[in-house]
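Before anything else, here's the structure in question.
In listed order, ligands and their atoms are each counted from 1.
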Amino acid sequence: MLAVKCPSCSEPLDVQLNFNFEPDKIRTGNYSGWRYEQFFPYAEERRIITLSEGWTPLVRFSNNVYFKLESANPTGSFKDRGSTVLVSALHELIEDSGGYISEDSSGNAGASMAAYAARAGLKARIYVPESVAGPKFSQIKFYGAQVIKVSGSRARVAEEAQKLEKGKFYVGHIFHPLFKDGIRSLAYELFEQFGWSVPEHIYLPVSAGTLLLGIISGFKHVSDSGGIEALPKIVACQTRRVSPLYHRFKGLKYDPPETLKSVADALVSVKPPLLELMVRRLKESGGDAVIVEENEIMEAFLELARRGFFVEPSSAVAYAGYKKQLKNNEVSKEDKVAIVLTGSGLKTTVKPFDAGSHG
Ligand SMILES: Cc1ncc(COP(=O)(O)O)c(C=O)c1O
């Protein structure tokens, strides 16, 4: 078992960066997230396990709106940024002790971790909720991991994955500090792809908060290193049903639904263990939060697909959040905006006929 929480206060561990982000240290000939290798000093070059994740396209959608296509990562989601860093740092330790990786996930992180375990020649056991989306379940199986379906809440899935067993190395992406830390590369990429500047707003879907915490950490690093004067406004987008961060951020009471049924099947953390940290970091960074309804998600999903961007409904939540803030004049058409499209539409269980009159 690897420690993922502080043994005395039980707070999740975090990575402290005691060096600057310096553009001249970027490996410009490397067209993956590992072009920023110098800023992940704990991952030794000879141990890196990569599928050439990251350095994903930044596409102009309309005048001032850009999409960051995280769906173009090797396993179809942004999670590969975390998995490559985590597995690179730990695979030798796990292999030398004859152990295996244990992870809990609603689907995408499990698929990603299974792929990087396979690439490293490691065994993986992925615990998933019973409601896991079929395409994600198959993807994990095809990578050769053992998949365990757990009934009950998302928290129960995590408990099972953490149960002590011989050879088990729990590297759960929500708790393990190196997974979130790997997401920092997304902020560096946006900074570089926007020509050493940042857009005014960045919209992203939020569930357990690894994407949110990782991207804020990356932009803060750039800012602390003198690269930018102000952080972009990070807008955390949630579904009405799964919106603990939105409610806490706005000082409202949140009653989680008894059963979860949302087209955004990757956004399931009704009680995210990192909630306090998420609220704190979002506030400190000057960010904002928005919630969207099921029909708004579906409309955004279809609009994106009809314009060539086939992403998961969970990813369309970020575009729906942008549209809502535009309608409410919380962002202007003139503002430069990046929307992170986190996962591929090939993973969705939505069928064209489910999409009703739009389908
Ligand atoms: C496609 C997709 N988008 C967004 C998220 C939210 O990421 P996080 O749980 O880090 O908040 C997830 C998480 O599973 C996801 O799979």
Between Glu296 and Lys323, does at least one N-O distance fall below 4.0 Å, as a salt bridge requires? no

How far is atom 15 (C) of ligand 1 from its nearest protein heavy atom, and which residue and atom name does that atom have?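 Checking every protein heavy atom, the shortest distance to atom 15 (C) of ligand 1 gives Ala266 CB, 3.6 Å.
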
Protein heavy-atom partner closest to atom 7 (O) of ligand 1 - residue, atom, separation in Å: Phe78 CZ, 3.5 Å

Applying a strict 4.0 Å limit to heavy atoms, is Pro205 in contact with ligand 1? yes

Candidate with minimal heavy-atom separation from atom 1 (C) of ligand 1, of Asp265, Asn108, Leu274: Asn108

Could you tell me whether ligand 1 has any atom less than 4.0 Å away from a heavy atom of Leu212? no

Flag this pair as yes if the NZ/CZ of Arg35 is under 6.0 angstrom from the six-membered ring centre of Trp55 and inside a 45 degree cone about the axis; otherwise no. yes

Decide, yes or no, whether a salt bridge links Asp14 with Arg281 under the criterion of side-chain N to carboxylate O below 4.0 Å. yes

Could you identify the single nearest non-hydrogen protein atom to atom 3 (N) of ligand 1 and state the distance to 0.1 Å? Thr342 OG1, 2.7 Å

Assess Lys79 for proximity to ligand 1: is some non-hydrogen atom of it under 4.0 Å away? yes

Could you tell me if Lys283 sits above the aromatic ring of Phe249, with its cationic atom closer than 6.0 Å to the ring centre and no more than 45 degrees from the axis?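 Verdict for Phe249: a cation-pi partner in Lys283.
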
Ignoring hydrogens, just give me the one of Thr210, Leu267, Val242, Thr348 whose non-hydrogen atom is nearest atom 6 (C) of ligand 1.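 Considering heavy atoms of Thr210, Leu267, Val242, Thr348, the nearest to atom 6 (C) of ligand 1 sits in Leu267.
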
Would Glu312 and Lys136 pass as an ion pair if we require N to O under 4.0 Å?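 Salt bridge flag = yes for Lys136 with Glu312.
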
Check contact between Ser77 and ligand 1, using heavy atoms of the residue and a distance below 4.0 angstrom.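 So Ser77 does not count as touching ligand 1.
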
Output the list of atoms in ligand 1 that are nearer than 4.0 Å to some heavy atom of Leu211, sorted by atom number. 10 (O)

Ring pair (Phe, Tyr, Trp, His ring centres under 6.0 Å) between Phe301 and Tyr319, intermediate numbers included: CA-CA 8 Å; Phe301 164 73; Tyr319 182 51; over 10 Å; no

Identify, by atom number and element, the atoms of ligand 1 in contact range of Val206, meaning under 4.0 Å from any of its heavy atoms.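 Checking each atom against Val206, I get 11 (O).
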
Heteroatom proximity flag, Ser315 to ligand 1, N/O under 3.5 Å: no

In terms of residue, atom name and distance, what is the protein heavy atom nearest to atom 9 (O) of ligand 1?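 Checked against all protein heavy atoms, atom 9 (O) of ligand 1 sits closest to Ala208 N, 2.9 Å.
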
Pair Arg248 + Glu276: basic N to acidic O under 4.0 Å: yes

With the threshold set at 4.0 Å, does a side-chain nitrogen-carboxylate oxygen contact exist between Glu160 and Lys163?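 A salt bridge links Glu160 with Lys163.
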
Output field: ring centroids Phe194/Tyr66 closer than 6.0 Å: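 Yes: the rings meet the under 6.0 Å criterion.
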
